[in-house]
Amino acid sequence: MLLHHIHFFSISMVFIMSIFFPNSIILKDKAGSPYVTCRAQRRLLWILCSHSGGRQRKLNPSRLAGCQHVWRLRGHRSLVSVSCSGAAHTGNRQQLFPKTTPRMDDCAQQRPLFTFGVIADIQYADIDDGLNYTRTRRRYYRSSLQLLRNAQESWSESAVKPEFILQLGDIIDGFNKGHDASDRALDTVLRQLGSSPVEVHHVWGNHEFYNFSRSSLLSSKLNSSLLGDRSRARAGSDIYAYHFSPFPGFTFVVLDAYDVSLLGREESSEEYRSALSLIKQHNNNQDLNCPPVLEGLQQRFTMFNGGFSKDQLDWLDSVLSSADEKQQRVTIVSHLPVHPCSTTPICLAWNYDELLAVISSHSSVVCVMAGHDHDGGYYRDKDTGVHHLTLEGVIETPPDDNAFGTVSVYEDRMVLKGSGRIPNREFLFSRCHSDTDDRAG
Ligand SMILES: Nc1ncnc2c1ncn2[C@@H]1O[C@H](COP(=O)(O)OP(=O)(O)O)[C@@H](O)[C@H]1O
């Protein structure tokens with residue numbers, strides 16, 4: 001009964017408002033679908049989402065407002081049907097959006113729920129260009145800062161402002177350490193990143209540990225875990241892993257791929273000893289940065305890689321269980337790629353298989369994003385439907401090119417708009433491998 005009253009009230013409110021503010025209440029797009037356009041109407045939508053059906057939902061007006069000024073209401077072409085905000089009675093947000101979504105080309109016309117920026121391996125240093133270890137790729141240490149600037153300009157000019165930026169690790173290069181320039185280089189890059197108000201989630205890569213100890217990283221601006229969900233934000237005392245939810249129904253988990261590693265661990269620590277024992281089981285070389293074999297997955301056992309401890313995997317397992325229950329979409333973020341088909345084996349996480357096992361036991365994971373392999377890569381896991389994206393690195397991108405992406409998130413997919421050498425990709429959320437899966441990516 002109460003629901004009917006609320007429903008009637010919502011229809012009446014929109015009707016009355018439309019008489020007084022006819023142009024600001026309902027606008028129609030070219031297809032004739034109505035938009036929510038004014039603050040009052042977003043507020044009304046929020047009230048309905050929050051209270052209808054007596055269920056408090058995690059939506060608030062500022063989130064709605066930040067969320068694009070415009071909310072499309074599904075399939076309702078008449079004024080009265082705006083009361084479809086009462087669809088939130090069921091607590092099912094999907095009903096506010098089309099169930100059948102258009103293909104990628106059409107997504108450009110569809111308003112995303114939210115967007116975010118991605119960028120990897122900036123590796124800034126105020127030094128001349130150089131080459132990678134195998135001397136096959138040029139590294140542009142100085143101009144990587146300009147490429148970051150390009151990314152930010154593009155994000156700040158975009159019609160839909162990103163909710164956040166994912167910085168996928170290796171923000172400054174290890175060479176800074178040798179020049180006693182670690183702090184200066186980090187300040188330079190963070191100042192650039194701070195020039196726009198959008199929040200940045202930082203992932204830690206091997207170059208973070210070439211420059212800083214784990215404890216100093218934890219107390220630095222590269223620790224963005226305070227932006228994460230406060231309850232059970234972190235995986236463990238000095239493990240840098242946390243999760244955050246930028247939009248109802250979506251969770252992002254930042255992982256610490258160097259939790260088990262020789263990097264960032266004191267030589268006297270138990271963690272160092274056990275990581276050393278692990279790598280030595282697979283790599284007999286004097287120089288542990290030199291891969292143990294020339295081909296195959298065993299190449300991953302080098303000192304510039306690392307892995308995930310049992311504590312972190314258990315924590316991830318519990319985060320994903322909770323996400324499964326809430327039917328959320330989870331994107332996992334790690335510096336090291338974890339699927340052998342999404343990268344060259346030399347860049348894989350040591351115990352990538354254990355992480356994949358955790359992922360495959362949960363229905364909520366839709367995507368894994370990583371950096372480290374500067375050539376980038378992509379693979380959709382045929383068994384789980386999870387998309388594994390390895391983003392091309394800024395550091396090996398010429399100054400006249402670009403390497404960043406903007407991801408638009410919809411109910412049933414994410415669409416990566418790549419800039420420069422990053423290709424456009426589409427990540428459908430369906431779990432099972434179907435005929436539509438192969439066109440992803
Ligand atoms: N094949 C290799 N053999 C020996 N050392 C290597 C090899 N590849 C990389 N290294 C060393 O490992 C460290 C990390 O390599 P680097 O190329 O800087 O990593 P990234 O790809 O993350 O930028 C550097 O000190 C580099 O000299």
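Excluded from the calculations below are hydrogen atoms, water molecules and symmetry mates; all remaining heavy atoms, backbone and side chain alike, are included. Ligands are counted one by one from 1 in listed order, and the atoms in each one are counted from 1 as well.
- Applying ring-ring contact (aromatic ring centres under 6.0 Å, His included) to Phe116 and the options Phe252, Phe404, Trp155 leaves one that passes, Phe252.
- Here is the list of ligand 1 atoms found below 4.0 Å of a heavy atom in Asn206: 19 (O), 20 (P), 22 (O).
- In summary, the atoms of ligand 1 found under 4.0 Å from a heavy atom of His372, numbered by their order in the structure, are 22 (O).
- Using a 4.0 Å heavy-atom cutoff, His374 is listed among the residues neighbouring ligand 1.
- Closest to atom 25 (O) of ligand 1, if we only count protein heavy atoms, is Asn289 ND2, 4.2 Å.
- Residue His207 places at least one N or O, backbone or side chain, under 3.5 Å from an N or O of ligand 1.
- In this structure, Asn132 has no heavy atom closer than 4.0 Å to ligand 1.
- Within the listing of ligand 1, atoms 22 (O) sit less than 4.0 angstrom from a heavy atom of Asp170.
- Remark: aromatic rings of Phe175 and Tyr210 are distant, center separation not under 6.0 Å.
- For Phe427 and Tyr378, the ring centers sit closer than 6.0 Å to each other.
- Remark: the Asn402 side chain and the Ser419 side chain contain no N/O donor-acceptor pair separated by less than 3.5 Å.
- Neither the backbone nor the side chain of Phe175 has any atom closer than 4.0 Å to an atom of ligand 1 (non-hydrogen atoms only).
- Separating the CG atom in Leu263 from the OG atom in Ser261 is a distance of 3.5 Å, to the nearest 0.5 Å.
- Counting heavy atoms under 4.0 Å from ligand 1, residue Pro291 touches it through the side chain alone.
- Using a 4.0 Å cut-off between heavy atoms, Arg139 contacts ligand 1 through its side chain alone, with no backbone atom that close.
- In this structure, CD on Glu208 lies 10.5 Å from OG on Ser182, to the nearest 0.5 angstrom.
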Mind running side chain to side chain donor-acceptor pair (under 3.5 Å) on Thr136 and Asn132 for me, showing each step along the way? CA-CA 6 Å; Thr136 52; Asn132 63 345; 3.0 Å; yes
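- Ring centroids of Tyr379 and His388 are separated by 6.0 Å or more, keeping the two rings apart.
- With a heavy-atom cut-off of 4.0 Å, Met303 does not touch ligand 1 at all.
- Counting heavy atoms closer than 4.0 Å to ligand 1, residue Ile395 contributes nothing at all.
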